[in-house]
Amino acid sequence: MLTIATWNINSVRLRLGLVERVLAAFAPDILCLQETKCPDDRFPLKAFAAMGYAHVATHGQRGYHGVATVSRLPFDSIERRCFCGKDDARHLATTFSPDGAGAITLHNFYVPAGGDEPDPVTNEKFAHKLRFLDELTGWFAGAPALAAEPRILVGDLNIAPLEHDVWSHRRLLKVVSHTPIEVDRLRAMQSAGGWIDVMRAHVPETEKLFTWWSYRAHDWRLSNRGRRLDHVWVSPPLAPCSTGISVVDAARAWERPSDHAPVLAHFDLRRCRPLP
DNA sequence: ATGGCTTACAAAGTAAGA
């Protein structure tokens with residue numbers, strides 16, 4: 001069994017206690033964090049090592065964004081890719097080899113949020129979001145053979161593509177994160193990489209599924225105006241290995257929470273051997 | 001359009017998140 005977790009933590013140093021709680025309760029093999037807001041030389045390595053997560057890849061910067069992948073398993077390789085000509089700490093790719101299953105590539109992404117106005121002409125942040133997705137599409141389209149490799153992509157993609165990935169499809173059609181223009185770009189990127197949406201493989205598209213709830217709601221659970229911004233995708237060879245997912249929405253109710261909930265994805269690698 | 005909150009930051013108000 002292999003468990004991969006992804007969580008937009010909104011400051012890893014501020015919420016280290018909450019991270020430890022998730023690691024203790026769910027014991028994922030690997031946890032991918034986004035919005036760590038932490039320079040690499042300030043990352044709390046000792047705390048993770050003490051929890052059994054001795055292998056840490058970071059791609060952070062001061063103040064904003066930042067991703068980290070922490071693991072009980074050693075990494076075979078670590079890659080930090082930059083997009084749109086800027087190093088704003090939004091990607092990590094690691095490879096690891098769980099008990100002889102062959103190397104698996106794990107991408108950890110923090111896609112730009114895109115600002116308020118869903119117009120790339122007037123809103124440079126939204127233009128950046130679209131360019132970021134287009135650059136990813138080009139990258140994946142240029143390496144079609146990768147779709148046959150065992151790969152996992154997780155992270156805060158900042159887009160809720162399906163009708164029931166948001167609390168009200170009608171009321172969010174012009175709200176950044178659910179506009180048709182960015183959903184189309186996300187779909188193009190997903191298609192170019194041959195990615196399979198594992199969360200929706202286990203939860204029917206007709207069912208509401210959220211991973212994020214605004215800080216501004218009086219009672220996030222009662223109003224339940226959530227969105228599914230965090231995702232777990234796999235390449236075709238790993239799809240039969242996916243045994244289940246869960247959104248740890250209980251973590252949204254903890255003290256001083258992140259506005260995102262952790263997502264857990266479980267795999268049984270025996271189901272897809274032999275890997276190519 | 002939820003935005004009513006929350007974060008980091010050369011610490012008061014600003015930028016950013018989504």
Side-chain angles (χ1 to χ4, degrees), chain A residues 6-19 33-44 58-68 83-84 86-91 108-120 122-133 155-183 185-186 208-231 247 249 251-263:
Chain A
T6 181
W7 195 8
N8 179 318
I9 191 61
N10 187 12
S11 175
V12 66
R13 286 174 289 179
L14 186 67
R15 286 185 235 288
L16 191 54
L18 301 189
V19 176
L33 296 167
Q34 302 86 35
E35 279 208 86
T36 53
K37 299 185 176 179
C38 181
D40 291 347
D41 60 3
R42 306 282 301 278
F43 198 86
T58 56
H59 189 179
Q61 62 179 10
R62 197 175 74 100
Y64 304 108
H65 319 322
V67 292
F83 299 89
C84 303
K86 56 175 105 183
D87 185 3
D88 52 354
R90 297 182 178 277
H91 171 259
N108 177 359
F109 273 105
Y110 177 54
V111 172
D116 286 323
E117 185 71 31
D119 181 349
T122 57
N123 176 7
E124 168 52 29
K125 290 182 187 172
F126 194 66
H128 177 219
K129 184 179 198 174
L130 300 182
R131 279 202 310 276
F132 190 98
L133 293 167
D156 178 4
L157 305 185
N158 268 319
I159 295 172
L162 297 167
E163 177 175 345
H164 294 292
D165 291 341
V166 294
W167 63 276
S168 169
H169 174 62
R170 185 177 62 81
R171 292 175 70 173
L172 273 81
L173 272 172
K174 293 180 180 174
V175 175
V176 170
S177 73
H178 192 60
T179 64
I181 180 171
E182 57 193 307
V183 169
R185 302 295 179 103
L186 183 74
K208 294 286 184 198
L209 185 61
F210 309 145
T211 64
W212 173 90
W213 293 263
S214 170
Y215 282 127
R216 299 194 186 195
H218 285 130
D219 183 332
W220 69 274
R221 182 110 65 186
L222 184 65
S223 60
N224 198 27
R225 293 181 168 187
R227 306 176 199 173
R228 185 170 72 109
L229 304 179
D230 304 276
H231 297 265
V247 178
D249 57 351
R252 182 64 181 76
W254 292 348
E255 195 165 342
R256 287 197 90 180
S258 167
D259 45 357
H260 294 252
V263 180

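Values below: all heavy atoms of this structure, side chains included; hydrogens, waters and symmetry mates excluded. The chains referred to below are lettered A, B, ... by the order of the sequence lines, with proteins before strands, and numbering in each begins at 1.
Comparing the same atom, P, in B:dA8 and in B:dA18 gives a spacing of 14 Å after rounding to whole Å. Between B:dG17 and B:dG3, the two C1' atoms lie 11 Å apart (nearest whole Å). Of the C1' atoms belonging to B:dT7 and B:dA12, the separation is 15 Å, rounded to the nearest Å.
A donor-acceptor pair under 3.5 Å is formed between the side chain of A:Lys129 and the backbone N or O of A:Ala113. Although no hydrogens or angles enter the test, the distance criterion places a donor-acceptor pair under 3.5 Å between the side chain of A:Asn158 and the main chain of A:Val111. Looking only at distances, a side-chain donor or acceptor of A:Thr211 sits under 3.5 Å from a matching main-chain atom of A:Leu229.
Using a 4.0 Å heavy-atom cutoff across all strands shown, A:His65 reaches sugar-phosphate atoms only and no base atom. As judged by a 4.0 angstrom heavy-atom cut-off over every strand, A:Tyr110 is placed among residues touching the sugar-phosphate backbone only. Residue contacts shown for A:Asp156 are limited to sugar-phosphate atoms, with no base heavy atom under 4.0 Å away.
Rounded to whole Å, the distance from CH2 on A:Trp7 to P on B:dG17 is 20 Å. Atom C1' of nucleotide B:dA18 and atom CD of A:Glu182 are separated by 10 Å, given to the nearest angstrom. Rounded to whole angstrom, the span from the CD atom of A:Gln61 across to the C1' atom of B:dA16 amounts to 12 Å. What separates NE2 of A:His178 from C1' of B:dA1 is a distance of 13 Å, to the nearest Å. Taking atom NE2 of A:His128 as the reference point, atom C1' of B:dA16 lies 14 Å away to the nearest angstrom.
Looking at A:Gln34, A:Arg256, A:Lys37 one by one, the single match for side-chain hydrogen bond (donor to acceptor under 3.5 Å, both in side chains) with A:Asn10 turns out to be A:Lys37.
Across the interface with DNA chain B, nearest-nucleotide mapping of A:Arg170 and A:Leu229 shows A:Arg170 to be the residue nearer the 5′ end.
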| Per-nucleotide protein contact string for nucleotides 2-8 of chain B (B base, S sugar-phosphate only, - none; heavy atom under 4.0 Å) | BBBBSSS
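In this model, the phosphate group of B:dG17 is approached by a side-chain N or O of A:Lys125 to a distance below 4.0 Å at OP1 or OP2. OP1 or OP2 of B:dG17 has not a single side-chain nitrogen or oxygen of A:His260 nearer than 4.0 Å.
Between A:His169 and A:His178, the ring center distance clears the sub-6.0 Å criterion.
Within 6.0 Å of atom CZ in A:Arg13, more than 12 heavy atoms from other residues, nucleotides or ligands are found, so the atom counts as buried in its surroundings.
With 3.5 Å as the limit, one finds a donor-acceptor pair spanning the side chains of A:Asp230 and A:His260.
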